[in-house]
Amino acid sequence: MLDIKYLRQNAESIKQALLIKGFELDINTFNSLENNRKSLQVEVESLQAERKELSSAFGQAKAKGEDVDELSKKIEINSNLLKEKEDELKPILVNLEQFLLEIPNLPDPSTPEGSSDIDNKIIRNWGDINKKKGLDHLEITSEIDTELAAILAGSRFSVLSGKIAKLHRALIQFMLDEADENGYEEYYVPFITNKDSLTGTGQLPKFEEDLFKLTDGRYLISTAEIPLTNLFNKKTIDLNDIPIKVTAHTPCFRSEAGSYGKDTRGLIRQHQFEKVELVQVVHPEQSENALEELLLNAETILQKLNLPYQVVQLCGGDLGFSSSMTFDIEVWLPSQEKYREISSCSNFTDFQSRRANIKIKDENSKIFAHTINGSGLAVGRTLIAVIENYYDEVDKVINIPDALKKYLTFDTIST
RNA sequence: GGAGAGUUGGCUGAGUGGUCGAAAGCGCCUCCCUGCUAAGGAGGUAUAUGGGUAACUGUAUCGAGGGUUCGAAUCCCUCACUCUCCGCCA
């Protein structure tokens, strides 16, 4: 959520800044809501002040046994008028709140212009890619079964078995150990979340269709960012406890509404996938560095797995609703001869902390914290990358990356 | 699932219809005293938000939301959460 005071004073420049995200701020609507709000609020509050006075006069008169007929009349007039004005004000406040909740975060000034991922800016790349097109993970192993999953649940699910299932688990363990080494405290969190939490991190109210909703009105998490960030919902954090670094491994559930026909084959885009998430809650002055650090934490995992990747900075059109600045890490997939997103690391500045009310107690004042998060990493896609990049066509085996060997009792997976 | 108790400021905890944003204590801050420390004394110390250039000032907030009332921390209803007991259960 943007600072409403800031919005009042800088509507035009905010509108300009948001255009790069493809969002058109409706200043007229905002101004008319604000003007109505202001005049009605002033009226309501002065009527409330009057009520207070009249009520206490009434009480005193009653106590002295004085006649209260005239006072009663005044009170009735006040009460009717107050009710009328309150009824006018209430929906305006609701609308204003709604309006604010649907405005995206301001993009960082460094954000490249562009409308889709083709305009993302390549920052760096790491590792050598094998130029030769390779088999895809479904072709390589039969221990990933999407047809079986379709019988169990439907499309966009998978069943893993045997050594692939173990490799999948080893990746999770490896990633959590990496996070631990980098100073992130591990959490185990609910995979079901309420509206308040989802509003805090920005999935609601605008992106409900991306989520699986339960019959009791709650939702399955689409990322561990939601529970991890909301660990600090409505909290004031002592300056000494900053920066906070937390991690969790969770399944993520996404409806993938609107992505029909996209990435339909294999594990790339699933309704359910595992992810290790890294979250930091930091002082505003540290957030830029914290994002760099978190990005590096995620990159290191790929380096240790010896998987080639590139880092891109998202352009305005590709930048998420809540994010101010995002770097995606994209891993090389030989079957697609493309880099594919495997981690998304973002600085949300004070956007989430305003919504979730996460504050830092500075020496003598309270300020909104900055929140940073990123995948470290998406496990399913890492599994694909390992399978495809470590496949030995001659021997028809998947070699186990050195970094994972201590988690497994085998060095290769025959196919 | 059943029965009961509870939720008040940074903390402990009083307050069952008005003078209560809320006693008292602790903690914290400023000052005074005392040649260190400790003890003692005086004052201050919630949050959000509106109006105003400002000084200043209005309003809201006692778990959340409704209601009763001229007036609600206090009475009523609904919900959430915590605790105790019973049942069930990994």
Side-chain angles (χ1 to χ4, degrees), chain A residues 1-11 30-101 188-200 204-205 214-219 226-227 230-242 251 350-369:
Chain A
M1 189 149 60
L2 301 182
D3 181 359
I4 188 167
K5 283 183 220 156
Y6 186 69
L7 180 57
R8 279 181 198 130
Q9 287 158 10
N10 305 283
F30 177 70
N31 283 341
S32 96
L33 281 170
E34 253 299 280
N35 290 336
N36 279 333
R37 191 223 93 231
K38 192 191 262 191
S39 63
L40 281 167
Q41 186 169 333
V42 168
E43 261 185 289
V44 163
E45 288 183 0
S46 79
L47 285 165
Q48 284 171 328
E50 188 183 282
R51 179 183 64 183
K52 224 181 191 175
E53 245 171 77
L54 290 171
S55 287
S56 102
F58 184 96
Q60 281 167 7
K62 259 296 180 48
K64 289 185 201 149
E66 292 170 2
D67 181 57
V68 293
D69 281 1
E70 203 170 316
L71 257 180
S72 293
K73 269 182 210 154
K74 279 189 187 168
I75 285 171
E76 198 185 335
I77 292 167
N78 167 278
S79 159
N80 289 338
L81 194 56
L82 178 59
K83 185 163 176 9
E84 191 184 307
K85 294 296 173 188
E86 275 176 339
D87 287 346
E88 276 183 67
L89 179 60
K90 226 181 241 176
I92 288 169
L93 290 178
V94 171
N95 287 342
L96 203 53
E97 172 82 3
Q98 197 68 16
F99 186 87
L100 285 173
L101 283 174
Y188 172 79
V189 293
F191 305 153
I192 289 175
T193 185
N194 59 27
K195 267 197 167 130
D196 192 50
S197 295
L198 287 159
T199 305
L204 290 182
L214 303 175
T215 52
D216 68 356
R218 292 186 285 196
Y219 302 81
I226 299 158
N230 281 291
L231 290 173
F232 308 99
N233 194 308
K234 296 189 183 68
K235 295 268 194 305
T236 299
I237 302 159
D238 198 284
L239 191 59
N240 296 322
D241 297 329
I242 292 291
D350 60 2
F351 189 80
Q352 292 181 325
S353 67
R354 260 177 217 289
R355 292 172 157 244
N357 206 356
I358 303 170
K359 291 192 166 173
I360 297 173
K361 193 174 178 180
D362 216 333
E363 318 264 303
N364 34 26
S365 67
K366 287 182 183 175
I367 54 169
F368 284 108

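Excluded from the calculations below are hydrogen atoms, water molecules and symmetry mates; all remaining heavy atoms, backbone and side chain alike, are included. Lettering of chains follows the sequences in order, A, B, ..., and the numbering in each one begins at 1. Note that this is a predicted model, so its numbers are computed, not measured.
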Q: Could you pick out which residue, A/Glu34 or A/Arg218, lies toward the 5' side of RNA chain B when each is mapped onto its nearest nucleotide?
A: A/Glu34

(Q) Heavy-atom nearest nucleotide on RNA chain B for A/Lys359 versus A/Gln60: which residue maps closer to 5'? (A) A/Gln60

Cationic N near anionic O, under 4.0 Å, [X] to [Y]:
X	Y	answer
A/Asp3	A/Lys5	no
A/Asp196	A/Lys234	yes
A/Glu88	A/Lys85	yes

Q. At under 4.0 Å between heavy atoms, what does A/Arg8 touch on the DNA or RNA strands: base, sugar-phosphate, or nothing?
A. sugar-phosphate

Q) So, do A/Glu34 and A/Arg8 sit near enough that their side-chain heavy atoms are less than 4.5 Å apart? A) yes

Q.
Do A/Val68 and A/Phe58 make a side-chain contact, defined as non-hydrogen atoms from C-beta onward lying under 4.5 Å apart?
A.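 With C-beta onward as the side chain, the pair touches.
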
Q | Nearest-Å distance for atom pair CZ/C1', residues A/Arg37 and B/A48 | A |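 Checked: the CZ to C1' distance equals 13 Å.
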
Q) Given atom CE of A/Met1 and atom P of B/U49, what is their separation to the nearest angstrom? A) 10 Å

**Q.** Any donor-acceptor N or O pair under 3.5 Å, side chains A/Asn194, A/Ser197
**A.** yes

Return the nucleotide paired to [N]: Watson-Crick means purine N1 to pyrimidine N3 with N6-O4 or O6-N4, wobble means G-U with N1-O2 and O6-N3, both under 3.5 Å.
N	result
B/A64	B/U78
B/G9	none
B/G27	B/U45

Determine the Euclidean distance between corresponding [atom1] atoms of [M] and [N]; express it in Å to zero decimal places.
N	M	atom1	value
B/A24	B/U45	C1'	15 Å
B/G63	B/A39	C1'	41 Å
B/A72	B/G15	C1'	13 Å
B/U8	B/U74	P	14 Å

Q: Please state whether the phosphate of B/A48, meaning OP1 or OP2, lies under 4.0 angstrom from any side-chain nitrogen or oxygen of A/Lys234.
A: no

Q: Would you mind building the protein contact string for nucleotides 52-71 of chain B? One character per nucleotide, 5' to 3', B for base within reach (heavy atoms under 4.0 Å), S for sugar-phosphate only, - for untouched.
A: ------BSS---------BS

Q.
By the definition side chain to side chain contact (heavy atoms under 4.5 Å, CB included), identify the one residue from A/Asp87, A/Leu47, A/Ile77 that meets it with A/Leu82.
A. A/Leu47

